Amino acid sequence: DSNLGEPIGWLFHCDPRFLQMAPIRLVRSMILTKEEPFLKFIMKNRLLHPPLKRLRTITSTRFGEGGAIYSSLLSLFDLIAKEKVVTLIEHLVTKETSLMTALKPKCKAIATIMGSFGELNKARVKVAQGTSIPISKSSSSTEIIAALTKSNSKEGLPPPGPQPLAAKRKAAFSAAA
């Protein structure tokens, strides 16, 4: 087994900016496919560790560094947060805890990822305690969220997660009636 995280980390220390941007583009394109083998490859080879370290380095310097690299790193983690890539969210929070907690106050995308992880855990607890849906320790977050959504729809509750304001009002109005 080869670890691709190390060579990707080396690219961040090259002088040409286009070489520093290459690993970010690679990981971003793998995430955009939303295919499980690519996501597992990212997690197995810890391809998100070097970008997290680079983001910590940039945010810890007094004036920051190159704007293009910083913004592309932020957009990478924004992508994970907005697309709600559950497997990567769990991986980041559980395997890269120290980097994530250090970056949470400085980066909104990192804070969003950690908040999403908290929502997933709350959904797990709710499903395990309040429903008759069988759940095991090996159940994935996607399965748990799907089960919670089904149970909420049976009870007339809105699905978990963020909802548009109009949907919240409609759900509150129908629940009151």
Side-chain angles (χ1 to χ4, degrees), residues 1-61 64-124 127 135-148 160-162:
D1 286 320
S2 64
N3 183 6
L4 287 179
E6 191 174 331
I8 284 179
W10 294 338
L11 286 174
F12 278 120
H13 298 292
C14 294
D15 284 336
R17 296 277 184 211
F18 72 91
L19 287 178
Q20 294 178 17
M21 301 283 280
I24 300 168
R25 280 188 247 128
L26 170 70
V27 172
R28 185 179 174 83
S29 62
M30 291 173 79
I31 292 170
L32 283 171
T33 62
K34 295 182 184 178
E35 293 190 18
E36 199 65 29
F38 286 131
L39 299 178
K40 286 182 180 178
F41 185 81
I42 290 170
M43 292 183 295
K44 178 184 173 195
N45 292 296
R46 296 187 66 196
L47 296 184
L48 292 172
H49 182 75
L52 275 173
K53 282 178 65 175
R54 183 64 169 174
L55 188 60
R56 184 185 64 190
T57 303
I58 290 172
T59 57
S60 66
T61 59
E65 210 171 298
I69 294 171
Y70 179 69
S71 65
S72 63
L73 286 168
L74 286 180
S75 72
L76 173 68
F77 293 108
D78 251 350
L79 174 72
I80 294 169
K82 287 182 182 175
E83 295 292 326
K84 294 200 183 255
V85 186
V86 175
T87 52
L88 291 182
I89 289 172
E90 286 181 342
H91 173 76
L92 281 169
V93 175
T94 57
K95 302 289 186 200
E96 306 290 348
T97 307
S98 62
L99 285 171
M100 295 289 285
T101 53
L103 288 168
K104 184 179 177 181
K106 299 175 183 178
C107 301
K108 185 179 177 184
I110 301 295
T112 305
I113 289 172
M114 293 185 84
S116 297
F117 183 73
E119 288 178 20
L120 289 171
N121 283 338
K122 286 179 186 175
R124 277 195 174 116
V127 169
I135 183 171
S136 67
K137 288 184 179 180
S138 63
S139 297
S140 72
S141 299
T142 311
E143 294 168 344
I144 293 169
I145 295 291
L148 181 62

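Numbers here are sequence positions counted from 1. What you see below is based on every heavy atom in this structure, not just the backbone, and it leaves out hydrogens, waters and symmetry mates. Just so we're clear, the structure is a prediction, and the values are computed from it rather than from any experiment.
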Q | Ile113 side chain reached by Leu88 side chain, heavy atoms, under 4.5 Å | A | no

**Q.** Spatial distance of atom CG (Asp78) from atom CG (Leu73) [nearest 0.5 Å]
**A.** 11.5 Å

Q | Point-to-point distance, once rounded to the nearest 0.5 Å, from OG of Ser72 to CG of Leu79 | A | 12.0 Å

Q. Distance from Leu55 atom CG to Ser60 atom OG, nearest 0.5 Å?
A. 9.5 Å

**Q.** Pairs satisfying salt bridge (Lys or Arg N to Asp or Glu O under 4.0 Å), at least one member in residues 98-110, at least two apart
**A.** none

**Q.** Nearest-0.5 Å distance that lies between atom CZ in Phe117 and atom CG in Leu92
**A.** 10.5 Å

Q. What's the verdict on side-chain contact (heavy atoms from CB on, under 4.5 Å) for Ile42 and Thr87, showing C-alpha distance, side-chain angles and the deciding distance?
A. CA-CA 10 Å; Ile42 290 170; Thr87 52; over 6 Å; no

Q: Count the heavy atoms belonging to other residues, nucleotides or ligands that lie under 6.0 Å from CZ of Phe38, then report whether that count exceeds 12.
A: no

Q.
How close do Leu19 and Leu11 get, counting heavy atoms only, and between which atoms?
A. O-CB, 3.6 Å

Q. Any side-chain heavy atom of Phe77 within less than 4.5 Å of one from Thr112?
A. no

Q | Nearest-0.5 Å distance that lies between atom CE in Met114 and atom CD1 in Ile89 | A | 11.5 Å

Q: Name all residues meeting the side chain to side chain contact (heavy atoms under 4.5 Å, CB included) criterion together with Ala102; count only those two or more places apart in sequence or in a different chain, and write none if there are none.
A: none

Q) What heavy-atom pair brings Leu39 and Ile31 nearest, and what distance separates the two atoms? A) CD2-CA, 4.3 Å

Q.
Can you give me the closest heavy-atom contact between Ser71 and Ala68, atom names plus distance?
A. OG-O, 3.1 Å

Q | salt bridge (Lys or Arg N to Asp or Glu O under 4.0 Å) pairs, two or more places apart, involving residues 20-37 | A | Lys34-Glu83

Q) Going through the checks in order, is the side-chain contact (heavy atoms from CB on, under 4.5 Å) test met by Leu47 and Met30? A) CA-CA 11 Å; Leu47 296 184; Met30 291 173 79; 4.3 Å; yes

Q: Quick one: closest heavy-atom pair of Met100 and Ile110, and the distance?
A: O-CG2, 3.5 Å

Q) In chain order, what residues pass the side chain to side chain contact (heavy atoms under 4.5 Å, CB included) check against His91, with sequence neighbours excluded? A) Met43, Lys95

Q. Quick one: side chain to side chain contact (heavy atoms under 4.5 Å, CB included) partners of Thr97, sequence neighbours excluded?
A. Thr101

Q) salt bridge (charged side-chain N to carboxylate O under 4.0 Å, His left out) with Arg56: which residues, sequence neighbours excluded? A) none

(Q) Rounded at 0.5 Å granularity, tell me how far CZ in Arg17 sits from CD1 in Ile69. (A) 4.5 Å

Q. Which heavy atom of Leu74 sits nearest a heavy atom of Ala109, and at what distance?
A. O-CB, 4.3 Å

